[in-house]
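Residue numbers start from 1 in every chain, and the chains themselves are labelled A, B, ... in the order their sequence lines are given, proteins ahead of strands.
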Protein chains: 2
Amino acid sequence: MSNSRSIAEELRVLFETLTPTERKVGRVLLANYPVAGLETIAQLALRADVSGPTVLRLISKLGFDSYTAFQTSLRDELEIRLQSPLVRHDPAQLQGDSDFLVSYAARITQLMQETVAHLPRVEFDGVVDLLGERKNRIWLLGGRLTDPLAAYLCHHLKVVRADVVHLRGVPSSWADSLVDMGKHDVLVIFDIRRYWDGALHIAEMAAQRKVSVLLFTDQWLSPVSRVARFTLAAHTAGPSGWDTNTPLMLLVDAVIAALNTRQWGAISDRLQEVEAMRARLGEGSSRADE
Amino acid sequence: MSNSRSIAEELRVLFETLTPTERKVGRVLLANYPVAGLETIAQLALRADVSGPTVLRLISKLGFDSYTAFQTSLRDELEIRLQSPLVRHDPAQLQGDSDFLVSYAARITQLMQETVAHLPRVEFDGVVDLLGERKNRIWLLGGRLTDPLAAYLCHHLKVVRADVVHLRGVPSSWADSLVDMGKHDVLVIFDIRRYWDGALHIAEMAAQRKVSVLLFTDQWLSPVSRVARFTLAAHTAGPSGWDTNTPLMLLVDAVIAALNTRQWGAISDRLQEVEAMRARLGEGSSRADE
DNA sequence: AGCACAATCTAATTTTTATTACATTTTTAT
DNA sequence: ATAAAAATGTAATAAAAATTAGATTGTGCT
């Protein structure tokens with residue numbers, strides 16, 4: 001396929017050059033775009049009241065070698081469209097916006113909602129369970145951009161529990177840690193595209209030793225998900241847009257909050273009030289941030 | 001599939017009763033819903049790294065007699081959804097306060113909106129200007145919990161420009177850097193409560209030397225804001241009294257995005273060089289995620 | 001009217017896809 | 001540790017789909 005125009009646009013341009021029956025197909029396609037194109041040739045032909053070959057000729061005029069290629073293209077298009085209706089994977093659109101921050105926040109909000117809507121509950125609960133279990137030892141591992149998130153999660157976990165280690169530095173040094181791991185260890189991996197081979201290797205080795213692998217990734221799912229016990233996927237942006245890790249951080253934050261709520265159970269309410277009061281009264285205290 | 005629940009919901013409900021490999025399929029399906037389900041069994045199986053029959057077993061558990069029936073149902077659902085573009089994910093999905101994750105996300109979303117609503121535009125633009133100015137040198141500094149955010153911003157800035165340094169380790173070692181700073185330096189500080197005296201001292205010393213201090217903080221404003229040239233405040237009071245840094249990350253992300261869109265032309269060359277170098281440095285050893 | 005040409009369909013063929021039966025592996029419980 | 005049960009994959013098979021070839025219909029032109 002030549003350019004970046006949508007198939008629908010392409011079809012509209014081509015429309016006047018089409019034969020009468022081909023137009024019938026075109027109309028059906030545009031009227032129920034893109035769903036109609038995802039049906040079989042026979043179904044589409046029936047809808048348009050034409051024969052299969054006619055459909056095929058139209059597809060071929062659109063520049064596709066096969067109906068399959070056409071459908072693949074449609075699906076790709078659809079995927080992008082469903083991901084971010086606000087911003088059409090076009091950074092320039094944000095630029096012209098009078099209020100960059102507002103539209104940016106709106107977009108992230110949307111991504112966050114998508115993230116939450118797509119996340120299976122058992123996955124989330126499973127992660128919280130595993131991280132909350134005292135008997136387990138926790139190991140954290142992040143990629144270049146996600147290591148800060150691993151560090152962030154590490155800090156918070158350390159508040160709640162013992163046996164939390166953030167793996168840093170060169171991969172080779174992790175081997176020592178790895179050999180000692182067993183079924184009471186939990187390896188938390190952050191891996192977003194482009195995915196990191198090293199993470200997969202380590203995850204595979206860990207999984208072989210019955211280590212529970214938890215994965216934080218993007219909606220395209222790192223290959224690590226194949227060996228992971230639980231996977232939390234965040235929607236991080238459209239394919240050609242600028243990625244954001246904020247939805248991923250939402251997940252991290254939510255896990256932390258869930259852990260806190262669970263662990264502190266009854267006293268959390270009281271703690272809340274105390275916290276709120278302290279904030280309202282203002283504070284003269286010092287020390288590092290928390 | 002007798003009832004009116006969406007297939008995605010159905011799948012989420014069923015999730016915990018699924019076998020491990022079936023869950024893999026479920027994850028892929030939910031992460032790329034509904035497009036993944038419109039592919040062939042073989043394609044879907046490949047994505048999820050399982051066999052065809054496993055996909056089929058899942059579909060059957062969902063109550064479909066055949067894969068074709070499943071796809072038809074998906075398409076019908078999609079058609080309805082596309083007709084009313086405003087209702088993107090059925091609201092029912094987002095309702096139900098019983099669900100921790102959903103209500104948590106809702107709270108954070110609100111905090112983000114508050115954050116954006118309260119943030120003066122000139123502050124935001126000022127930060128972007130300063131960070132985008134090539135002549136300036138950038139120094140980053142974070143607190144215990146916010147250092148990951150500093151690291152995150154640092155990574156992204158390095159993609160866009162030179163002269164970016166993340167100050168790590170013990171405060172005393174920063175003195176060397178500090179004495180060299182002048183009016184062409186920008187010191188980015190992350191400080192949320194409880195505020196850190198060290199940050200204030202450094203900020204004061206820097207300000208005296210005409211260094212531009214940029215502050216990322218919470219809505220109660222770190223004392224650093226008194227000497228800061230620009231302050232970006234995020235609303236961070238999370239549910240259950242536990243703070244969340246997600247809105248802060250939103251700001252960081254927004255700044256990065258603004259920088260990227262603003263000077264896209266200039267960046268792209270640099271980006272290519274960086275990419276090329278990274279590739280040359282070998283893919284086996286380096287952490288590749290991005 | 002009748003020829004040429006385009007448009008379209010029918011039906012056969014090929015290719016792909018879904019489905020089934022069964023073997024193998026993994027897990028669980030004793 | 002061992003057997004039973006569950007889960008999963010392999011490979012053969014059946015079904016359905018896409019694609020092609022050629023026949024048929026319709027249209028415009030002299």
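Looking only at distances, no side-chain donor or acceptor of A/Q219 sits under 3.5 Å from a matching main-chain atom of A/A233. A donor-acceptor distance shorter than 3.5 angstrom exists from the side chain of A/T115 to the backbone of A/H235, with no hydrogens or angles considered. One N or O on the side chain of A/N136 and one on the backbone of A/L130 form a donor-acceptor pair closer than 3.5 Å. In terms of modelled atom types and a separation under 3.5 Å, the side chain of A/R47 and the main chain of A/V28 share no donor-acceptor contact.
Using cut-offs of 30° and 60° on the angle between ring planes, the pair A/F190 and A/F216 is parallel. In this structure, A/F70 and A/F64 have perpendicular ring planes: the angle between them is above 60°, well past the 30° mark.
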>> If you apply the rule side chain to side chain contact (heavy atoms under 4.5 Å, CB included), what do you find for B/T40 with B/Y67, and how did you get there?
In response: CA-CA 9 Å; B/T40 67; B/Y67 192 69; 5.6 Å; no
>> Before you tell me yes or no, could you show the steps for A/E204 and A/L200 under side chain to side chain contact (heavy atoms under 4.5 Å, CB included), namely the whole-Å CA-CA distance, both residues' side-chain angles and the distance that decides it to 0.1 Å?
In response: CA-CA 6 Å; A/E204 278 170 343; A/L200 183 56; 3.9 Å; yes
> When you look at A/D163 and A/I138, which way does the side chain to side chain contact (heavy atoms under 4.5 Å, CB included) test go after all the steps?
Replying inline: CA-CA 6 Å; A/D163 295 321; A/I138 315 283; 5.8 Å; no
> How is the base pairing of DNA chain C summarised as a dot-bracket string, given the Watson-Crick and G-U wobble criteria with both distances under 3.5 Å, [ ] for crossing and | for another strand?
Replying inline: ||||||||||||||||||||||||||||||
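The closest side-chain donor-acceptor pair between A/S51 and A/T54 falls under 3.5 angstrom.
Residue contacts for A/T40: at a heavy-atom cut-off of 4.0 Å it reaches the sugar-phosphate backbone alone, with no base atom in range. Here A/K210 lies in heavy-atom contact (under 4.0 Å) with sugar-phosphate atoms only.
Map B/D49 and B/T68 each onto its nearest nucleotide of DNA chain D; the residue landing nearer the 5' end is B/D49.
Taking the 5' to 3' direction, DNA chain D first and last meets chain B under 4.0 angstrom from a heavy atom at D/dA7 to D/dT10. Along DNA chain C, the stretch of nucleotides lying under 4.0 Å from any heavy atom of chain B spans, 5' to 3', C/dT17 to C/dT20.
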